[in-house]
Amino acid sequence: MHIEIHFTFESIQRPAANFPNREIGTELEFQGIVRELENGRALQGLQYEAYEPMARQVLAKHFAELAQIHPCESVIFIHRLGWVPVGEASLYIRVLSAHRGEALSFLAESVNRLKLDVPIWKQVKEP
Amino acid sequence: MHIEIHFTFESIQRPAANFPNREIGTELEFQGIVRELENGRALQGLQYEAYEPMARQVLAKHFAELAQIHPCESVIFIHRLGWVPVGEASLYIRVLSAHRGEALSFLAESVNRLKLDVPIWKQVKEP
Amino acid sequence: MEITLLAFAQAKDDFGFSSQTVACSAEETLRELVRRIAPNANLEHLRIAVDCEFAEWDTPIGNAREVALIPPVSGG
Amino acid sequence: MEITLLAFAQAKDDFGFSSQTVACSAEETLRELVRRIAPNANLEHLRIAVDCEFAEWDTPIGNAREVALIPPVSGG
C-alpha cells in the first residue's frame with residue numbers, strides 16, 4: 001500500500017489525482033474543516049500543533065494495520081499545523097481502493113484512531 | 001438540506017468548493033472510477049444510461065430520507081452517462097455536514113441505495 | 001387511451017425498442033400490457049415503473065402516461 | 001546520562017516548557033523523572049511517550065533519548 005503523511009503550515013493543497021493502476025474503483029476524499037462553534041463559543045480559528053515524528057510513526061502503524069483489515073491501494077494524509085481559520089481544512093485524507101466498502105471503512109477508522117492516539121492537538125488560541 | 005442531482009455526457013468536473021455556512025466540519029467526496037477488470041474481462045470502458053426523470057425522483061427521495069437519519073447540510077450528486085473509459089469517474093458525490101459520522105453514513109447509504117433502485121445502468125458495449 | 005412504453009438497457013435489447021406508443025385501456029394491468037406487446041418475453045428479473053415510480057405488475061394501467069421496463073440497475 | 005523531555009499543547013502551558021534536557025539515570029522511572037521536574041503537576045490525564053512510542057509511567061528510563069508528555073490528543 002502506498003502511504004504518504006504530510007504536515008504543512010500552509011493551506012492544504014489537494015494533491016493531483018493520480019491512480020496507481022487501472023484497478024482503482026473508488027477515490028474517497030475527506031476534509032476536516034474548522035467550524036465556527038466549539039462548545040458554544042464562536043471561534044475565529046484554531047491553533048494546531050503536532051509531535052511530528054511520533055505522529056508520523058503512529059499514523060504509519062495505523063494505516064498498515066487498517067490495510068490488513070480493509071485492503072486499499074493508497075492513502076494520502078495531510079494535516080495542517082499552526083493557525084487554521086474557520087472554514088479552512090485542518091485535515092485532508094485521500095483513500096484509493098478497488099471497492100468502496102474498503103475505502104469507507106479505512107477512512108472512518110483512520111479518523112477514529114487519529115482522535116485516540118495520534119499526538120496532534122488543537123487549541124483555542126488567537127495567532 | 002441542499003440537494004443537487006446532475007447527469008452529464010462529459011467528463012465529471014469537480015464542483016467548486018463552496019461551504020453554505022461556518023458550521024461545516026466535514027467535506028466528503030466520493031468518486032466511482034471505471035475499473036479495467038469486470039468479472040475477469042479486461043474492459044476499455046463502460047456504457048452508462050439512465051431513465052433520467054425517474055432517477056432524479058428516486059435519488060431526491062433517497063437523499064431526503066437519509067437526511068432525516070444522518071443530518072447533512074448538502075449533497076451534490078453527478079452521474080456520467082454514455083461511454084466512460086477505464087480510469088475516469090462515472091460517479092461523483094460530495095456531502096457536507098457538521099460532523100464526519102453523518103457524512104460517512106449518508107454517503108455509504110446513498111451509494112448502497114443507488115445500486116438497489118435508481119434506474120441507471122452500465123453495459124459492456126464499445127462506443 | 002394511449003401510453004408511452006419505455007425500455008432501458010438489457011430490456012431495450014430484449015424487447016427490441018426503447019420507446020413506443022401503445023393503445024390500451026385503463027383496466028388492463030401492466031402485466032397484460034407488456035404480455036400483449038411481447039408475448040414471449042421473460043419478465044422474471046424485470047421491474048416496472050409507472051410515471052417514474054416503481055409499481056406492481058398486476059396494477060391496472062389507470063391514468064398512467066408513461067410505463068417503463070426496468071432491468072436490474074447497475075449505476076455507480 | 002541525559003534525556004530530552006518534551007511537553008506539548010496543554011502540558012506545555014502546565015509545565016512551563018516545551019523542551020528541556022534533563023540529567024537522569026537509567027533506573028529512574030518515567031514517573032520519578034517527571035515528578036522530580038514538576039513535583040506538583042497533575043499527571044492524571046497525561047500519557048507519556050519514549051522515543052515516539054507510548055510507554056507506561058512506571059517503566060525505567062533505560063536507554064531512552066526523548067521522553068514526551070502527551071496530553072489528550074485532539075487532531076483532525
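Everything numeric here is computed off the predicted structure, so don't read it as measured data.
- Both the backbone and the side chain of P71(C) come within contact range of chain B, judged by heavy atoms closer than 4.5 Å.
- When the candidates K115(B), Q123(B), K61(B) are compared by the number of heavy-atom contacts under 4.5 Å with chain C, Q123(B) comes out ahead.
- Contacts between V111(B) and chain C at a heavy-atom distance below 4.5 Å are absent for every atom of the residue.
- For the pair E52(B) and R56(B), the salt-bridge criterion is met [side-chain N within less than 4.0 Å of a carboxylate O].
- Between F63(B) and F77(B), the angle of the ring planes lies from 30° to 60°, which puts this pair in the tilted group.
- In this structure, the side chain of H70(B) does not engage the main chain of A103(B) through any donor-acceptor pair within 3.5 Å.
- Of the atoms belonging to L116(B), it is backbone heavy atoms, and not side-chain ones, that fall under 4.5 Å from chain C.
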Derivation and outcome, salt bridge (Lys or Arg N to Asp or Glu O under 4.0 Å), residues D13(C) and K125(B):
CA-CA 12 Å; D13(C) 299 338; K125(B) 283 181 179 174; 3.4 Å; yes
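- With chain C as the partner, the residue from I93(B), V118(B), D117(B), L91(B) showing the most heavy-atom pairs under 4.5 Å is D117(B).
- With contacts defined as side-chain heavy-atom distances shorter than 4.5 Å, the pair E102(B)/T26(B) does not qualify.
- For chain C, no part of A89(B) is nearby; none of its heavy atoms comes within less than 4.5 Å.
- Both the backbone and the side chain of Y51(B) come within contact range of chain C, with heavy atoms under 4.5 Å apart.
- A salt bridge does not link R65(C) with D51(C): every distance from a Lys NZ or Arg NE/NH1/NH2 to an Asp or Glu carboxylate oxygen is 4.0 Å or more.
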